[in-house]
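One structure is given here, and the rest of the page talks about it.
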Amino acid sequence: MVINGIGRGQHPLSGSSSPRRLLDLETWTASGIPMLRDPREFVLELHQRHLPQSGTIVLAVLDALHHLAASASFTPWPHDTDGWQHRNDLLAHLRRIIPHDLRRPEPTRTAVLLRCREGAPGWTEQDGAWMWALRDASVLHGLRCGSYIGLTPAGWQILGDGRSGRNPHAGSWTDGPVHTVTELPPRSALDDAPRSQRARQQAAEQAKRVDAPPRSHPSEPPWTPARVTAVEPSRRTGTR
């Protein structure tokens with residue numbers, strides 16, 4: 001357990017240091033996992049969406065046409081090594097990103113997991129624990145259990161079917177756009193912005209006054225010839 005950045009021992013729910021619920025690679029391969037149609041494009045799309053760093057789990061759900069329907073990324077508790085805790089993490093995120101399909105007669109959507117980690121490529125015990133978690137969480141959410149992808153410094157690899165590639169890899173997240181507070185303008189520039197804007201407005205108004213044609217003073221309107229109206233002679237009638 002980590003409190004204020006200081007290690008306080010093992011998570012109380014993690015149990016022993018070795019995973020207790022896991023699948024070996026032979027069992028995983030023999031379980032009939034549906035293959036991804038275009039793994040290279042899928043891994044690239046998933047990586048561009050989440051830019052996972054080492055220690056990140058990316059959970060994705062494919063629709064019936066194998067298109068990406070929903071995805072989420074998270075960093076699990078570092079001391080959790082049992083598939084039981086991993087299964088609970090996956091279920092919690094599945095419930096947030098997509099409704100379950102438990103009422104369907106058979107699953108139509110597929111859950112896929114990508115794990116970004118350091119080290120050599122290939123199966124590890126922690127991969128086996130996440131495989132167990134993915135299979136169990138998929139059943140409990142009404143989904144098919146899909147591919148398990150490992151992302152290491154050597155590249156990506158779909159465990160169980162042998163397909164792999166060099167890019168993206170565990171360090172490819174540094175090639176993506178990173179938005180930090182250093183991209184914001186300095187505080188002095190923010191403070192000077194209203195003053196510079198007022199200065200620009202005053203300069204524009206002065207330029208308008210210089211370019212405008214001279215206008216006569218309001219007390220001296222321009223002269224126009226007066227119009228004289230004919231006056232009829234008046235008639236006076238009455239008695240004295």
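- Taking hydrophobic clusters as Ile, Leu, Val, Met, Phe, Trp and Tyr residues chained together by side-chain heavy-atom distances below 4.5 Å, Leu159 shares a cluster with Leu22.
- When all heavy atoms of Asp161 and Met35 are compared, the pair lying nearest together is OD2-CE, 3.9 Å.
- Here the straight-line distance linking atom CD1 of Ile149 with atom CG of Leu46 works out to 6.5 Å at 0.5 Å rounding.
- With a 4.5 Å cut-off on side-chain heavy atoms, Leu91 and Arg95 count as touching.
- Considering only heavy atoms from C-beta on, Leu113 comes within 4.5 Å of Ile57 through its side chain.
- Checking side-chain atoms of Asp63 against main-chain N and O of Leu68 turns up no donor-acceptor pair under 3.5 Å.
- Leu90 and Ile33 fall within a single hydrophobic cluster, where Ile, Leu, Val, Met, Phe, Trp and Tyr are joined by side-chain heavy atoms under 4.5 Å apart, directly or via other members.
- Residues Trp156 and Pro39 have side chains in contact (heavy-atom distance under 4.5 Å, counting atoms from C-beta outward).
- Gln126 places a side-chain N or O within 3.5 Å of a backbone atom of Thr81 that can act as its donor or acceptor partner.
- A side-chain donor-acceptor contact under 3.5 Å links Asp24 to the backbone of Thr27.
- Note that CH2 of Trp173 is 9.5 Å distant from OG1 of Thr56, once rounded to the nearest 0.5 Å.
- Of the N and O atoms on the side chains of His169 and Thr152, not one donor lies less than 3.5 Å from an acceptor on the other residue.
- Here the rule is side chain to side chain donor-acceptor pair (under 3.5 Å) with Ser71, and of Arg49, Glu45, His93, His50 only His50 fits it.
- In this structure, the separation between OG on Ser31 and CD on Glu26 is 11.5 Å, given to the nearest 0.5 Å.
- Distance alone, capped at 3.5 Å, places no donor-acceptor pair between the Gln157 side chain and the Gly165 backbone.
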Q | Criterion side-chain contact (heavy atoms from CB on, under 4.5 Å) on Arg135 and Leu23, from CA distance to verdict | A | CA-CA 10 Å; Arg135 188 182 66 175; Leu23 296 176; 3.6 Å; yes

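- Residues Leu25 and Leu134 fall within the same hydrophobic cluster, defined by Ile, Leu, Val, Met, Phe, Trp and Tyr side chains chained together at heavy-atom separations under 4.5 Å.
- The pair Arg87-Asp136 counts as a salt bridge, with a side-chain nitrogen and a carboxylate oxygen less than 4.0 angstrom apart.
- A continuous path of hydrophobic side-chain contacts links Leu143 to Trp130 [ILVMFWY only; heavy atoms under 4.5 Å].
- Rounding to the nearest 0.5 Å gives a distance of 9.0 Å between CZ of Arg117 and OG of Ser54.
- Of the inter-residue distances, the one linking Leu140 atom CG with Leu94 atom CG reads 10.0 Å to the nearest 0.5 angstrom.
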Q | Full working for side-chain contact (heavy atoms from CB on, under 4.5 Å) between Leu114 and Val43 | A | CA-CA 8 Å; Leu114 181 147; Val43 174; 4.3 Å; yes

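- The nearest pair of heavy atoms linking Pro52 to Cys116 is O-SG, 3.9 Å.
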**Q.** Asp80 vs His86, side-chain contact (heavy atoms from CB on, under 4.5 Å): CA-CA, chis, key distance, verdict
**A.** CA-CA 7 Å; Asp80 284 345; His86 298 336; 4.0 Å; yes

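- Contact check for Glu106 versus Arg144: no side-chain heavy atoms found under the 4.5 Å cut-off.
- Neither Ile98 nor Val58 shares a network with the other; the hydrophobic side chains, linked directly or stepwise wherever heavy atoms of I, L, V, M, F, W or Y lie under 4.5 Å apart, form separate groups for each.
- For the pair His66/Asp38, no side-chain contact is recorded, criterion being any heavy-atom separation below 4.5 Å from C-beta on.
- Ring geometry, Trp28 versus Tyr148: the interplanar angle exceeds 60°, so the pair is classed perpendicular (tilted spans 30 to 60°).
- At a threshold of 4.5 Å between non-hydrogen side-chain atoms, the residues Asn167 and Ser172 count as touching.
- Between Leu36 and Leu62 the shortest side-chain heavy-atom distance falls below 4.5 Å.
- Judged by distance alone, with hydrogens and angles left aside, the side-chain atoms of Asp127 form a donor-acceptor pair with the main-chain N or O of Thr124 at under 3.5 Å.
- Residues Pro34 and Ser147 share a closest heavy-atom pair of O-OG, 3.5 Å.
- In terms of heavy-atom proximity, Cys145 sits nearest to Ser138 at CA-OG, 3.7 Å.
- Contact detail for Ile97 and Ala72: the closest heavy-atom pair is CG2-CB, 3.9 Å.
- With a 4.5 Å cut-off on side-chain heavy atoms, Ser164 and Ile158 do not count as touching.
- Here the closest heavy-atom approach between residue Gly142 and residue Pro107 is recorded as O-CB, 3.7 Å.
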